[in-house]
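What you see is a predicted model; the values in this text were computed from it and never measured.
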Number of protein chains: 2
Amino acid sequence: MSIATDNFLKALYLLRDEQVAAVMGTQLAARLEISSAAVTDMARKLAERGLVAYTPYREMELTGAGEELALKIIRRHRLWELFLQQVLDMDLKMVHEEAERLEHHASEELMNRIDVFLGHPDFDPHGEPIPRQSGSLPEANGLLELQQAEPGKNYLVARIIIREPEVFDLFARYGIHPGQRLQVIQCYDFDKSMELEVGRRKVLLSEGLVQKIFLNPLN
Amino acid sequence: MSIATDNFLKALYLLRDEQVAAVMGTQLAARLEISSAAVTDMARKLAERGLVAYTPYREMELTGAGEELALKIIRRHRLWELFLQQVLDMDLKMVHEEAERLEHHASEELMNRIDVFLGHPDFDPHGEPIPRQSGSLPEANGLLELQQAEPGKNYLVARIIIREPEVFDLFARYGIHPGQRLQVIQCYDFDKSMELEVGRRKVLLSEGLVQKIFLNPLN
DNA sequence: ATGCAAATTTAAGTAAGCTTAAACTCAAAA
DNA sequence: TTTTGAGTTTAAGCTTACTTAAATTTGCAT
């Protein structure tokens, strides 16, 4: 499997995942930064290999086999991201582009060692789920949304969704990161903001921020 | 810089290093597993870029700039090898081919983090020197050859040259690895073999094995 | 000094993964 | 229902890093 193939399958999977609708060539071309002619070309080749369902002038989507491969690549990407951040202390801003290259070049064996080293993690540093070796995805709904937490009880931050770099910095400043213990002080129903205790500091979060945090109950 | 370029420069450096003589196309072709026509092609291109000194039908060698680049690539390779072995506990037999791929795809920033993580190491798991960021090579002659060690004194193993996988296994079985403390019990001058104490075990090494071990005096 | 074999170079061709530009399709508006 | 333009495909061409096969050079042995 070539890098171009890897990237095509990955982009197709993620694009489909982000929107709910099917994926058209132009979007793929934009995301992969190639011409739409190249997309058509690739689609035809991957269709021959049974990885993409494709009829000329129609939308395309991954076949079962294609999705399986896409998930493997995404697994590699997210494991690398987490490894680079947690073990080598790389800046979250650099971690994506680094993983973007490394994901294509590590052996299965190495990826499994990284997985073990990290303790079979469920989420990458952006809060995105890391597909398992089996191809299954960890479900965030095993987790509790912060909105539903009971004031007074203790929780562990399990996952924070970080699509914007500023958000990471903000949470970092308040000491909110996976593994951190926290308690809900109060919920303000009128605008759905919340007051938390993190460490021994009190923090006030807007609804938008609250929705990015998922918890595990403690004891 | 492409992967092909990386590999060409690296092979040219290492080949030159192994033998003392200049390097001919056929040897390069053999090592890189490409045709000699491809070697000529590459040589011409790299000569244009000022990385290789090349005149048709003559031997070729690296220019200053070429050697600088070769050392950078070798640095990456050896840092990866050590990282994979020490941090991710990969088998020494797999470490080379893994590093062979990763060396081309990690950023300078990542390599430096790996270097720091490992404590700016001087030698890779095969005992080969790791070029520094500056391009200089750690000299093994800061180290003591085992032959010259004084019986009774304590030493730390600094470097073991492992070109054959069996040798690694052998040393591993006797607990001999970088960082290990040892003492010389006796030298047998008639065949230059030696008896050592490693941990609390006594070990008898042939001359060939003795020559692979380099030491730092302890206190 | 000459011829020969080995090594090297040239020439021509291949494959992947692109590009641009022209041709085509299709669905939706007129 | 015809037109239109956005989106897609086809066609032709490029680059890199190879390949094989034929031509060339070299240095060594005679």
Side-chain angles (χ1 to χ4, degrees), chain A residues 1-13 15-16 18-62 66 69-70 73 97 100-101 103-105, chain B residues 1-13 15-16 18-62 66 69-70 73 97 100-101 103-105:
Chain A
M1 279 237 307
S2 68
I3 296 173
T5 302
D6 284 4
N7 288 339
F8 191 95
L9 296 176
K10 191 176 52 160
L12 192 41
Y13 181 94
L15 223 40
R16 161 95 225 219
E18 284 160 23
Q19 33 181 67
V20 184
V23 176
M24 304 294 294
T26 313
Q27 310 168 57
L28 262 177
R31 170 170 297 222
L32 293 169
E33 301 189 87
I34 58 179
S35 66
S36 37
V39 169
T40 302
D41 217 58
M42 214 52 195
R44 210 168 28 69
K45 282 182 196 159
L46 295 185
E48 264 168 35
R49 293 167 58 189
L51 300 175
V52 168
Y54 169 68
T55 332
Y57 294 105
R58 294 267 109 83
E59 298 138 339
M60 55 191 93
E61 54 180 332
L62 291 170
L69 277 178
I73 300 151
E97 61 163 349
E100 200 69 15
R101 281 173 281 112
E103 63 185 357
H104 308 296
H105 304 287
Chain B
M1 281 237 307
S2 69
I3 297 173
T5 301
D6 284 3
N7 288 338
F8 192 94
L9 296 176
K10 189 176 53 160
L12 192 41
Y13 181 94
L15 222 40
R16 161 96 223 218
E18 284 161 22
Q19 33 181 70
V20 183
V23 177
M24 304 293 294
T26 315
Q27 310 167 58
L28 263 176
R31 171 172 295 223
L32 293 168
E33 300 188 89
I34 59 179
S35 66
S36 36
V39 169
T40 301
D41 218 59
M42 214 53 196
R44 211 170 27 68
K45 283 182 196 159
L46 295 186
E48 266 169 32
R49 292 169 58 189
L51 301 174
V52 169
Y54 168 68
T55 333
Y57 295 104
R58 296 264 110 82
E59 299 136 338
M60 56 191 92
E61 52 180 336
L62 291 170
L69 276 177
I73 299 151
E97 59 161 350
E100 201 67 17
R101 281 174 281 111
E103 62 184 359
H104 308 295
H105 304 289

**Q** Take A:H104 and A:T5 through the side-chain contact (heavy atoms from CB on, under 4.5 Å) test and state the conclusion after the steps.
**A** CA-CA 10 Å; A:H104 308 296; A:T5 302; over 6 Å; no
**Q** How would you list, by chain and number, every residue that makes a side chain to side chain donor-acceptor pair (under 3.5 Å) with A:H105, sequence neighbours excluded?
**A**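 Partners of A:H105 under the side chain to side chain donor-acceptor pair (under 3.5 Å) test: B:H105.
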**Q** To the nearest Å, give me how far apart CE (B:M60) and C1' (C:dT8) are.
**A** 9 Å
**Q** Would you say the side-chain atoms of B:S36 pair up with the backbone N or O of B:V39, donor to acceptor, closer than 3.5 Å?
**A** no
**Q** Might you list the N or O atoms of the protein lying below 3.5 Å from N or O atoms in nucleotides 14-18 of chain D, with each pair's distance?
**A**
residue : atom : partner : partner atom : Å
D:dA17  : OP1  : B:S2    : OG           : 2.5

**Q** Using 4.0 Å as the upper bound for N to carboxylate O, is an ion pair formed by A:E59 and A:R16?
**A**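 Looking at A:E59 together with A:R16, the answer is no, because their closest N to O distance does not fall below 4.0 Å.
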**Q** For a 4.5 angstrom cut-off between non-hydrogen side-chain atoms, does B:E103 reach B:N7?
**A** yes
**Q** Among residues two or more places apart or on two chains, list those pairs meeting salt bridge (charged side-chain N to carboxylate O under 4.0 Å, His left out) that have a residue in residues 27-47 of chain B.
**A**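 Found B:E18-B:R31, B:D41-B:R44, B:D41-B:K45.
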**Q** If we only count heavy atoms from C-beta on, is the A:F8 to A:L12 side-chain gap below 4.5 Å?
**A**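 The answer is yes, as the side chains (C-beta and beyond) meet within the 4.5 Å cut-off.
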**Q** Between atom CD1 of A:I73 and atom CD of A:E100, what is the distance when rounded to the nearest 0.5 Å?
**A**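 The CD atom of A:E100 is 10.5 Å from CD1 of A:I73, to the nearest 0.5 Å.
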**Q** Can you see if the side chain of A:T26 gets near the phosphate of D:dA6 - specifically, an N or O under 4.0 Å from OP1 or OP2?
**A** no
**Q** How close or far is atom C1' of D:dA11 from atom CZ of A:R44, stated in whole angstroms?
**A**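 Whole-Å distance recorded here is 12 Å.
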**Q** Map every base of DNA chain C to its dot-bracket character, where paired means a Watson-Crick or G-U wobble contact with both distances under 3.5 Å and | marks a partner outside the strand.
**A** ||||||||||||||||||||||||||||||
**Q** Can you give me the N/O atom pairs linking the protein to nucleotides 25-28 of chain C at distances under 3.5 Å, or say none if there are none?
**A**
residue : atom : partner : partner atom : Å
C:dT25  : O4'  : A:Y57   : OH           : 3.4
C:dA27  : OP1  : A:R58   : NH2          : 2.8

**Q** Just distance, no hydrogens or angles: give the donor-acceptor pairs under 3.5 Å from side chains in residues 47-54 of chain B, sequence neighbours left out.
**A**
none

**Q** When we call it a touch if two heavy atoms are under 4.0 Å apart, what does A:Y54 touch: a base, just sugar-phosphate, or nothing?
**A**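 Sugar-phosphate contact only - A:Y54 comes under 4.0 Å of backbone atoms but never of a base.
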**Q** Does A:T55 use its side chain to pair, donor to acceptor, with the backbone of A:R58 at less than 3.5 Å?
**A** no
